Amino acid sequence: MPTITVYDAMAQALAEEMRRDARVLMFGEGVATKRPELVGEFGSARIRNTPLAEGIIAGTAVGAAATGLRPIVDLLFAPFLCYAMDELVNSAGKLRYLSGGQFEFPLVAISMTGAGWAVGSQHNHNVEAWFAHAPGLKVVMPSNAADYKGLLKSAIRDDNPVLFFVDIGLLYQPGEVPGGESLVPLGRAAIARPGHDVTLVSYAKTVAVCLQAAEALAATGIAAEVIDLRTIKPLDEATVLASARRTGRVVVVHEASRTCGVGAEVAALVAEQAFDHLKAPVRRVTGPDVPPPASYPLEQAFVPGVDAVAAAAKALVRKPH
Amino acid sequence: MPTITVYDAMAQALAEEMRRDARVLMFGEGVATKRPELVGEFGSARIRNTPLAEGIIAGTAVGAAATGLRPIVDLLFAPFLCYAMDELVNSAGKLRYLSGGQFEFPLVAISMTGAGWAVGSQHNHNVEAWFAHAPGLKVVMPSNAADYKGLLKSAIRDDNPVLFFVDIGLLYQPGEVPGGESLVPLGRAAIARPGHDVTLVSYAKTVAVCLQAAEALAATGIAAEVIDLRTIKPLDEATVLASARRTGRVVVVHEASRTCGVGAEVAALVAEQAFDHLKAPVRRVTGPDVPPPASYPLEQAFVPGVDAVAAAAKALVRKPH
Amino acid sequence: MSPFSSPALPSAAVPSIEHPEDLLEAMLLIRAYELRLSELSAQSGTPGTCTAVGQEAAAVGVLSALRAEDLILTNHRSAGHLLARGADPGRMMAEVMGRRDGYCKGKSGSLHISVRELGVVLTSTIVGGELSLATGVALSQTLLGRPGIVACFFGDGAAGEGIFHESLNLAAVWKLPILYVCENNEWQAFVHRRETMVGERIADRAAPYGIASATVDGNDVEAVRDAARSATAAIRDNGRPFLLELATYRQRGHFEPDDQTYVDAAELAAWKARDPIERMKARLAAKDGFTTGDFAGLQARVAARIDAAAAFAQASPWPDPAELLTDVYA
Amino acid sequence: MSPFSSPALPSAAVPSIEHPEDLLEAMLLIRAYELRLSELSAQSGTPGTCTAVGQEAAAVGVLSALRAEDLILTNHRSAGHLLARGADPGRMMAEVMGRRDGYCKGKSGSLHISVRELGVVLTSTIVGGELSLATGVALSQTLLGRPGIVACFFGDGAAGEGIFHESLNLAAVWKLPILYVCENNEWQAFVHRRETMVGERIADRAAPYGIASATVDGNDVEAVRDAARSATAAIRDNGRPFLLELATYRQRGHFEPDDQTYVDAAELAAWKARDPIERMKARLAAKDGFTTGDFAGLQARVAARIDAAAAFAQASPWPDPAELLTDVYA
Ligand SMILES: Cc1ncc(C[n+]2csc(CCOP(=O)(O)OP(=O)(O)O)c2C)c(N)n1
Ligand SMILES: Cc1ncc(C[n+]2csc(CCOP(=O)(O)OP(=O)(O)O)c2C)c(N)n1
Ligand SMILES: [Mg+2]
Ligand SMILES: [Mg+2]
């Protein structure tokens with residue numbers, strides 16, 4: 001399998017889907033400047049720069065999606081989604097329902113987030129939980145190049161609005177990407193590493209943290225299973241619950257702030273549906289409830305580390321019950 | 001104690017705080033039209049109508065708060081907050097931190113939400129969890145007239161940005177409101193009804209649902225404790241956990257959609273911190289993950305009902321462990 | 001490019017409003033529909049609505065200038081646009097009442113009624129929502145090679161939302177065939193327009209974006225139709241957006257019931273004296289020999305339709321409770 | 001009303017930029033500061049920055065027309081505004097590097113540096129953020145009876161965000177004393193301004209709101225200062241907002257390092273030939289007998305300050321890890 005970066009994996013997905021379906025188009029601030037190869041192949045009607053105005057970029061995507069196109073919009077950094085909340089939440093997420101099912105909204109809104117560039121919380125703010133909480137949307141946040149490609153392709157083919165989050169810490173990470181269609185379905189988690197003593201549930205950059213923690217735990221005789229959610233909504237409850245029931249111990253790990261984050265949802269799910277199998281409390285290891293700072297060491301400290309994850313898992317396994 | 005509606009309780013809070021502190025002012029779409037008595041007493045500089053533009057209403061409040069005023073803004077219905085997300089989340093919530101503590105943001109953003117007016121999900125959408133998930137904000141959502149008054153006063157005196165949610169289903173409900181200052185501190189939950197068999201945790205209109213469920217449960221010999229969170233952020237973890245440890249059984253109830261809602265946070269908290277005391281799974285009884293519909297019976301069906309809450313509690317109490 | 005044929009819009013027959021009497025009858029139908037709903041909501045459990053009483057000439061004048069292939073976006077104050085486009089008042093009332101036979105199965109209520117089969121798409125009650133969506137609808141028309149232009153109705157208040165500015169600018173830069181129709185009715189819920197802007201005209205905001213505009217008497221249905229005809233002709237010709245401002249007045253409250261205590265009585269009276277229906281009626285009488293009897297005939301026809309509509313809506317069942325969970329995802 | 005004295009802003013001394021040589025030196029300091037950071041970020045672990053090389057006349061010209069009591073809002077491309085206001089380049093560099101002695105304790109980095117003691121408040125890197133906040137700052141000035149006006153810097157790109165429109169409209173309706181300063185530098189990150197609007201001038205967008213405006217050569221520091229002086233005089237006199245557009249050009253990339261492959265070489269060369277520093281230098285030589293030696297003296301002084309600043313910043317420790325959790329709530 002060829003090894004390419006997440007950025008290139010996404011570029012492949014975009015080109016392949018645009019080739020496959022002439023209704024697919026992409027626009028956003030600098031999209032055409034940054035992807036001249038796509039402009040070359042598909043023309044400037046389908047790859048467009050826009051004015052600097054996230055609201056109308058998103059709104060245009062919503063209107064176009066409802067009337068026959070399949071737009072992809074690049075909204076750059078996740079905090080800028082704040083300017084597009086009405087269009088994404090009140091229009092894309094609700095107008096199908098409010099119209100009694102008259103419209104479909106096949107659109108993808110891409111944005112970047114997460115620690116790595118030391119740019120501070122007006123560029124780095126993990127808000128995926130907002131869109132999981134809002135109705136009518138799907139939310140994807142992959143952890144590796146193959147999934148970035150396979151999930152982006154599935155997102156483009158989906159008939160619903162999909163928020164596609166790119167962890168900037170992963171953007172230039174290489175990974176093996178299979179050739180061919182290599183679709184990854186929405187709503188299906190992956191078992192990134194099997195194990196039977198404790199389950200580490202995560203997504204995006206902290207999947208690697210969990211894998212390293214699992215490696216460290218293995219050295220102490222603890223077999224940790226690592227689940228990569230990949231899609232946050234719809235959440236693959238079955239995979240999470242099956243693992244939780246098997247191991248009886250769950251640590252949820254993510255970079256986003258703790259309160260009402262995706263970790264809260266996973267923990268609540270496990271506490272509700274796998275309670276009888278639990279041998280220990282469900283732990284969350286997450287970013288703190290503060291704005292991510294710019295200063296590099298503080299930014300790094302924001303992200304859950306290998307030691308913290310391993311320690312949380314160890315404490316659960318050691319806990320007598 | 002005089003009995004007044006939530007609307008009037010809030011009006012008292014506004015008038016008292018404006019009288020107390022000349023830096024307090026209020027603006028929004030129709031604020032001056034709807035509150036002529038405040039215009040009469042405090043003048044048109046301090047009670048202002050605005051153009052129809054939520055972004056600049058919120059942004060103006062943020063800028064004013066940082067430089068010496070203590071603004072209150074009425075943003076009408078919660079879905080309209082989507083137009084003010086940047087100002088509330090990226091500015092009010094983050095600029096203190098990003099500036100290294102140079103500024104304070106004493107502002108209150110009021111908005112209405114919840115079933116009751118059959119107006120559909122572009123007016124009725126419970127998004128309090130979004131603001132609990134975002135850093136630097138406080139979130140309040142009371143359940144009765146006395147708390148609306150006491151918490152609004154505290155919110156106005158707080159030196160931080162406070163999202164103050166008004167459940168429209170409660171707006172014209174009367175309640176006893178004590179005279180005098182009658183401040184209710186932010187961050188403190190109330191035990192609305194004591195009990196020892198099961199804890200029902202809720203806020204806003206579903207507190208009454210829980211109280212009715214508790215009444216019904218009492219008739220079957222089950223003593224339910226009802227906790228009214230009142231403030232969603234900061235969450236009164238101590239009160240919730242003490243009750244959970246005492247009863248060993250927790251049902252979280254709210255109208256907002258389930259995924260990544262406040263109920264997820266409370267359930268996760270309990271599953272993490274009170275695990276050893278739990279006798280049964282933590283249950284959530286919430287609104288579904290769909291946009292609230294307009295049609296009256298469907299809108300009512302969206303809200304957790306007394307029967308569903310009582311049934312969930314009963315199932316936990318009956319569960320052998 | 002247009003190798004893909006997406007479902008044609010609209011798919012149902014759209015009535016043409018041709019003759020002066022048609023204009024009058026269409027306005028009468030809207031008036032009767034809205035007054036009936038106002039009465040119903042004052043008495044019983046029927047939900048309130050945002051009426052556009054006094055603004056009928058705006059809806060009818062513009063709709064009479066559109067073609068069947070054109071698409072329409074509207075907002076909370078949409079009944080006139082829908083009825084002039086040929087929507088069934090019975091299904092509209094059923095929707096307002098939250099009943100199963102409503103155009104949106106009762107899920108919308110009055111505030112966001114879309115009728116895809118008539119090309120009335122994506123109605124939003126978020127002020128400015130329609131402005132945010134119109135550009136995308138027009139982009140579809142252009143890229144999919146469909147002939148119709150897009151008419152987007154909004155209020156003077158919506159022109160205060162930033163998205164208005166973003167929409168106009170993008171439409172200008174991308175050359176999108178949009179007729180922006182601002183019904184400047186002097187009110188923004190409970191705030192008078194004068195409190196929200198310096199100057200009088202929303203249309204002035206078009207020029208900086210390189211967009212042509214016009215303001216006309218929005219209470220003169222023929223003037224509106226003529227202005228809309230020349231605006232749509234320009235759009236069809238050059239593919240660029242146009243902003244048409246209709247100067248009119250909201251004669252009733254923001255949302256029924258509304259006591260209008262905040263309204264200046266003299267201003268209201270002056271505008272009632274310029275009522276669009278009365279004006280058209282007088283013009284017809286003067287020019288075309290339209291008699292009191294003719295008028296009574298129109299009114300009777302309209303009243304019968306509204307009676308039937310109300311009966312239909314009231315007989316329509318509530319949605320099945322299972323409907324709460326459907327239509328979320330495609 | 002102003003019974004409450006809130007903490008005075010600014011509280012530190014603000015330098016006055018009076019003489020032609022001061023204007024030149026202030027521009028040289030900005031240029032040297034930004035080039036030094038560009039070099040550092042190209043080599044090592046120093047974070048990138050958004051430079052305003054080529055735009056120094058805009059910052060210096062406007063700041064030289066402001067008074068100490070005036071407040072300033074700026075954005076991601078703020079170094080010029082801060083330095084011209086008298087900010088310490090050492091503390092600025094420390095902030096860029098995320099160090100403890102930065103103006104914001106390293107939490108901001110380069111993109112949102114505020115310096116309250118100099119009246120540079122609420123810097124936001126959300127494009128349009130400063131526009132959303134300026135109205136509130138101006139409202140405080142007005143209601144608390146403080147004398148200063150508010151200067152709000154933003155780019156041509158920010159004028160595409162809806163909040164620009166909302167801000168201008170509210171400032172006009174509420175009569176807020178704001179000098180809106182648009183640095184039209186022809187670029188919006190990687191998109192040329194021409195791709196984002198029809199027409200050339202952002203200033204044209206002011207008139208519909210009843211706001212006065214002017215466009216001047218933003219690469220002529222004296223022209224900028226003169227225009228800013230008359231604009232601020234008008235604002236101080238009538239209490240109303242004014243939009244001043246400065247036509248300039250971003251000579252370097254959007255964010256260091258940036259290879260500028262997307263930039264038209266001829267356009268860039270034409271603007272470099274109009275470099276504001278070279279122009280002021282030539283003017284001083286022609287009019288005031290300013291010599292090469294005089295210039296070298298200024299440059300040496302500036303270089304020494306920047307050397308010291310870089311040394312200070314590099315010596316500044318990282319923040320204590322506990323700082324991650326502080327400054328969230330008041
Ligand atoms: C974003 C948003 N803000 C506020 C409202 C509440 N609201 C509904 S209609 C309305 C007035 C709209 O005024 P205008 O745009 O002039 O339209 P009109 O109602 O006069 O037809 C308001 C404030 C809303 N629905 N959406
Ligand atoms: C809301 C938002 N969208 C996009 C960005 C990314 N971004 C940062 S600066 C910039 C260009 C801004 O252009 P302009 O306003 O002209 O200012 P300039 O950078 O030219 O000074 C962009 C797109 C951002 N920071 N915020
Ligand atoms: Mg209006
Ligand atoms: Mg620019």
Side-chain angles (χ1 to χ4, degrees), chain A residues 55 79-90 93-98 120-122 125 127 129-130 132-136 232-233 235 252 256-276 278 280-284 288-294 321, chain B residues 55 79-90 93-98 120-122 125 127 129-130 132-136 232-233 235 252 256-276 278 280-284 288-294 321:
Chain A
F80 313 163
L81 294 174
C82 287
Y83 274 154
M85 288 299 277
D86 171 60
E87 293 75 13
L88 296 171
V89 171
N90 290 326
K94 297 176 183 173
L95 286 181
R96 175 173 178 75
Y97 189 88
L98 285 172
S121 54
Q122 288 188 338
H125 184 194
V127 292
W130 285 353
H133 188 52
I232 285 162
K233 195 177 189 180
L235 192 67
V252 202
S257 292
R258 182 185 190 85
T259 300
C260 294
V262 173
E265 180 58 32
V266 172
L269 178 75
V270 168
E272 192 160 1
Q273 307 286 333
F275 181 77
D276 292 333
L278 286 181
V282 185
R283 285 266 177 258
R284 286 181 288 167
D289 282 304
V290 311
H321 194 72
Chain B
F80 312 163
L81 294 174
C82 287
Y83 274 154
M85 287 300 277
D86 171 61
E87 294 74 14
L88 296 171
V89 171
N90 290 326
K94 298 176 182 172
L95 285 181
R96 175 172 179 75
Y97 189 87
L98 285 172
S121 53
Q122 289 188 336
H125 184 194
V127 292
W130 285 353
H133 187 53
I232 285 162
K233 193 175 188 181
L235 191 68
V252 202
S257 292
R258 181 184 190 86
T259 300
C260 295
V262 173
E265 180 59 32
V266 172
L269 179 75
V270 168
E272 193 160 359
Q273 308 286 332
F275 182 76
D276 292 332
L278 286 183
V282 185
R283 285 266 178 258
R284 286 180 288 167
D289 282 304
V290 310
H321 195 74

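The basis for the numbers below is simple: all heavy atoms, side chains too, and nothing from hydrogens, waters or symmetry mates. Note on naming: letters A, B, ... go to the chains in the order of the sequence lines (proteins, then strands), and numbering restarts at 1 for each one. Values in this document were obtained by computation on a predicted structure and should not be read as measured data.
- Between chain A and the residues B:Arg258, B:Glu272, B:Gln122, the largest count of heavy-atom pairs under 4.5 Å involves B:Glu272.
- When the candidates A:Ala294, A:Gly261, A:Ala274 are compared by the number of heavy-atom contacts under 4.5 Å with chain B, A:Gly261 comes out ahead.
- Interface check for chain A: of the options B:Gly263, B:Gly93, B:Ala271, the most heavy-atom pairs under 4.5 Å are formed by B:Ala271.
- Nearest heavy-atom pair, B:Thr259 versus A:His133, reported as atom, atom and distance to 0.1 Å: O-ND1, 2.7 Å.
- The side-chain contact (heavy atoms from CB on, under 4.5 Å) check on A:Pro292 picks up A:Ser121, A:Asn124, A:Phe302, with sequence neighbours excluded.
- Aromatic ring orientation, B:Trp130 versus A:Trp130: tilted (interplanar angle from 30° to 60°).
- B:Arg96 does not touch chain A: none of its heavy atoms, backbone or side chain, sits under 4.5 Å away.
- Ranked by heavy-atom pairs shorter than 4.5 Å toward chain A, the options B:Gly55, B:Ala267, B:Ala132, B:Gly120 are led by B:Ala132.
- When all heavy atoms of B:Glu265 and A:Ala264 are compared, the pair lying nearest together is OE1-CB, 3.7 Å.
- Interface check for chain A: of the options B:Ser257, B:Pro135, B:Cys260, the most heavy-atom pairs under 4.5 Å are formed by B:Cys260.
- Taking all atoms of both residues into account, the shortest heavy-atom contact from B:Lys233 to A:Asp289 is NZ-OD1, 4.1 Å.
- Heavy atoms closer than 4.5 Å to chain A are found in the side chain of B:Leu95, but not in its backbone.
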Could you give the side-chain donor-acceptor pairs of residues 81-90 of chain B under 3.5 Å, partners two or more places apart or in another chain?
residue	atom	partner	partner atom	Å
B:Tyr83	OH	C:Val127	O	3.0
B:Asp86	OD1	B:Asn90	ND2	2.8
B:Asn90	OD1	B:Lys94	NZ	2.7
B:Asn90	ND2	A:Pro79	O	3.1

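- Atom-to-atom distance recorded for A:Gln273:CD and B:Arg283:CZ is 6.5 Å, nearest 0.5 angstrom.
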